[in-house]
There are 4 protein chains.
Amino acid sequence: MRHKNNEKSRKIIAAATKIFAKKGFYKAKVSEIAQEAGIADGTIYIYFKHKDDILIALFEEKMREVLDNMKKQISLESDPFAKIERFAYFHLKLIEDNKDMAEIIQVELRQSSKFMKNYQNKKFAQYLDLIGDIIQEGKEKGLISQDIIPGIAKRAFFGALDEMSRFWVLSKRRKYDVETAARQISSYFINGIKN
Amino acid sequence: MRHKNNEKSRKIIAAATKIFAKKGFYKAKVSEIAQEAGIADGTIYIYFKHKDDILIALFEEKMREVLDNMKKQISLESDPFAKIERFAYFHLKLIEDNKDMAEIIQVELRQSSKFMKNYQNKKFAQYLDLIGDIIQEGKEKGLISQDIIPGIAKRAFFGALDEMSRFWVLSKRRKYDVETAARQISSYFINGIKN
Amino acid sequence: MRHKNNEKSRKIIAAATKIFAKKGFYKAKVSEIAQEAGIADGTIYIYFKHKDDILIALFEEKMREVLDNMKKQISLESDPFAKIERFAYFHLKLIEDNKDMAEIIQVELRQSSKFMKNYQNKKFAQYLDLIGDIIQEGKEKGLISQDIIPGIAKRAFFGALDEMSRFWVLSKRRKYDVETAARQISSYFINGIKN
Amino acid sequence: MRHKNNEKSRKIIAAATKIFAKKGFYKAKVSEIAQEAGIADGTIYIYFKHKDDILIALFEEKMREVLDNMKKQISLESDPFAKIERFAYFHLKLIEDNKDMAEIIQVELRQSSKFMKNYQNKKFAQYLDLIGDIIQEGKEKGLISQDIIPGIAKRAFFGALDEMSRFWVLSKRRKYDVETAARQISSYFINGIKN
DNA sequence: GATGAATGAGTATTCATTCAT
DNA sequence: CATGAATGAATACTCATTCAT
């Protein structure tokens, strides 16, 4: 897994994103990814030791991007509730703009824990913690009820957005626009937890 | 080809539930399921035409049970908010009591849409609609704000519960007990949508 | 490596003997062996876990036969020198009659120690010991000089026969007949070690 | 394509000797040899057209050395029996001093005839003929029985030494020292063929 | 000449599915 | 109906060899 050439590594991940989204990890052939990337089958193995490693690297790369982007978005607001709204909007926007990536994270991330025993998805935990931190902040500022348990609330909020994403990813056509969905979901949540 | 009322059919599904939960659909071998069921490999093909069909039948059977059970629970309450609380509690209780089933629905249901192109998960839609119907009822009774879009709200609520389940399914130890989680999540939601 | 059906197991070994002799272990394809045996590729893996295991089983089977046969031959003589002569004759005869087997033992047995780290060729050691025991007996009867070290002598005698075999195996045409070669080699040896 | 006098060519052969001895020809990777030689993979192909050619060149170089050395040793004696004793001693000494080379010649030379259809090992034939010539000389001088067939005797003697070598090459610890083994084996042979 | 990234032909092994008993 | 031995299509991965730099 030499990484002399990062450009090719990214090309492979981009191709894999497309193929995994279309076929799913198990049905995707390494040779298809190679073809999509415009390289030879063997070249993939210069950059990734196993097929599994492509998926892991894909997650890490995508999650890093998502995480960085979301941190930036949140930092633009100071009010915890505004942060939550922004989180909802940009999360759903991201799904809309990156359907392939969303599908993989939706579908494959779920089974990942099964075939990647030792792979700890730290990036995902950090992403959830962005919400947890906002809630904590809200509690400290007296905006959010002291009864709220951040560990449950962050999952409830993420799950609400995530289920919406899944619906979109698996549907052919998009019912409800991003703005509406984001506004509704963040509104339920904010009203649900505010003091 | 399927003989739905057969006892052996259920034995196979029970075995498959265990094996799919442990290994995931793709890594589970038909021969393992046969062994777990105490029958010969070939016997499985008397009851199911393909490996995929076992998973589909498994979903249908489990979802039917879940659906029937949840309908019964909901009917015991007349107040929409009480129904929501009961839904949350019994959904999470179900996960706790049926870890194997939960894991399969969590993990494999996601990829199912990929390999089962033509499989329409009607039972799952009906399950979601249980929530949608409660919300509709709440709106009609003036308990829930008219702004709430049931198609979004039902997914937000289900997603919140589902993410909690996923956390439990993938964690070794169970943080937060069922009652607490159910109370918190239904409370956010009810407060979030009530008039 | 179930062995329900010994007949098929032997059929595979017979086919492997032919193919390994023709191509060598590394160049022999499992599919060729299957074809030669008149079975499907996958069937081989019902009887042998790996390609390596075919070679190991082949050795064990052939060496058992060779060993049993040679023990019988030796027991027909009571004089140690007559035993040595008989050993030489039947060893070379065996090579002549089983060219494929001889070639594999000649060629592949040598490299076997390399890829089969843990495979201890006990049968071969027992074969060598047949000679060692004769020498020991000869020493005890005062027919063979006390200076002779059986551990060296048995290898010298076997090596002499073996080199002759190798010459035959690798040559197109057979120079020197079995009787002549056996007589010459056992004669050098007997005269060389007798008291 | 080969540049025989090149220093790099020898460096590659030296590296190959080490790697082939450790892993065997088929399991040795060209890249490993390159690394051992401290050069790039592609450089090997400037000096050798195929992996096979490295083995052939290795044989030729080693056998030339061995042959030259043995010729020199033999020429130091005038008595045929003394020559035989010296041959035995220096053959076994060579094995002891060059374990890697010995292992390759022992193990890989055997299979070489298989993958190198057209490779005629003339050097090896010349080596055997050194013994054949001594026997011929002995017969002419009346020291060796006229019944002895040099073509068989030379192989018997070489085979005896060779089997001893093989035992040493494949054993972890060396039983019997070189002097003892050489004395024993040449003694059997000389006594066995003398007039 | 030297490099080493890229190539792609080659193959052992797996496992869902079949079917003769 | 039940069996389980047999099938053979399918595919991840390796590594000798090439060739642009």
Side-chain angles (χ1 to χ4, degrees), chain A residues 2-5 7-9 12 25-35 37-54, chain B residues 1 3 6 8 25-35 37-54, chain C residues 2-5 7-9 12 26-35 37-54, chain D residues 1 3 6 8-9 25-35 37-54:
Chain A
R2 289 166 257 162
H3 275 280
K4 299 266 163 87
N5 189 339
E7 199 215 324
K8 199 152 286 178
S9 183
I12 293 167
F25 177 77
Y26 283 105
K27 291 221 168 169
K29 290 179 228 162
V30 172
S31 63
E32 282 178 300
I33 297 171
Q35 189 169 38
I39 58 174
D41 294 19
T43 307
I44 287 186
Y45 289 89
I46 297 172
Y47 297 89
F48 301 94
K49 213 160 173 45
H50 305 286
K51 189 186 175 188
D52 288 10
D53 291 338
I54 306 175
Chain B
M1 184 66 75
H3 305 238
N6 199 301
K8 203 158 282 181
F25 178 77
Y26 282 104
K27 294 218 167 170
K29 293 179 214 162
V30 173
S31 62
E32 282 177 301
I33 297 170
Q35 188 170 39
I39 58 174
D41 295 17
T43 307
I44 286 185
Y45 288 85
I46 297 169
Y47 297 88
F48 302 93
K49 213 164 171 44
H50 304 286
K51 188 187 176 187
D52 290 8
D53 292 339
I54 305 174
Chain C
R2 291 166 257 162
H3 274 281
K4 299 266 163 85
N5 189 339
E7 200 215 324
K8 199 152 286 178
S9 183
I12 293 166
Y26 284 105
K27 292 222 167 169
K29 290 180 228 160
V30 172
S31 63
E32 283 178 300
I33 296 170
Q35 188 169 39
I39 58 174
D41 294 20
T43 306
I44 286 186
Y45 289 86
I46 297 172
Y47 297 89
F48 301 94
K49 214 160 174 45
H50 305 286
K51 188 185 175 188
D52 289 10
D53 292 337
I54 306 175
Chain D
M1 182 68 75
H3 305 240
N6 198 301
K8 203 158 283 181
S9 181
F25 178 77
Y26 282 104
K27 294 219 167 169
K29 293 178 212 163
V30 172
S31 62
E32 282 178 301
I33 297 171
Q35 188 170 40
I39 58 175
D41 295 17
T43 307
I44 286 185
Y45 288 84
I46 297 168
Y47 297 89
F48 301 94
K49 212 163 171 44
H50 305 286
K51 188 186 176 188
D52 290 8
D53 292 339
I54 305 174

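This is a predicted model, so every value here is computed, not measured. In what follows, chains carry the letters A, B, and so on, assigned in the order in which the sequence lines appear, proteins first and then strands, with residues in each chain numbered from 1.
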S.K.: Can you figure out which of F/dT18, F/dA6, F/dT3 approaches the side chain of C/Ile46 most closely?
M.R.: F/dA6
S.K.: Answer yes or no: does a side-chain N or O of B/Tyr47 lie under 4.0 Å from OP1 or OP2 of F/dA2?
M.R.: yes
S.K.: Would you kindly give the CD-to-P distance between C/Gln35 and F/dA9, to the nearest whole Å?
M.R.: 13 Å
S.K.: Is F/dA20 paired to anything, Watson-Crick or G-U wobble with both distances less than 3.5 Å, and if yes, which nucleotide?
M.R.: E/dT3
S.K.: Can you tell me the distance, in whole Å, between the NE2 atom of C/His50 and the P atom of E/dT14?
M.R.: 7 Å
S.K.: Specify the separation, in whole Å, of atom NZ of A/Lys49 and atom C1' of F/dT14.
M.R.: 10 Å
S.K.: Counting only side-chain heavy atoms from C-beta out, which of E/dT7, E/dT17, E/dA12 sits nearest to C/Val30?
M.R.: E/dA12
S.K.: Provide, to the nearest angstrom, the distance between the CD1 atom belonging to C/Ile44 and the P atom belonging to E/dA12.
M.R.: 10 Å
S.K.: Just how far is it from atom CD1 of D/Ile39 to atom OH of D/Tyr47, taken to the nearest 0.5 Å?
M.R.: 7.5 Å
S.K.: Please report, rounded to the nearest Å, how far the P atom of E/dA2 is from the NZ atom of D/Lys8.
M.R.: 4 Å
S.K.: Would you kindly give the CZ-to-P distance between C/Phe48 and E/dT14, to the nearest whole Å?
M.R.: 15 Å
S.K.: For C/Asp41 and A/Thr43, find the nucleotide of DNA chain E closest to each by heavy atoms; which residue's nucleotide sits nearer the 5' end?
M.R.: A/Thr43
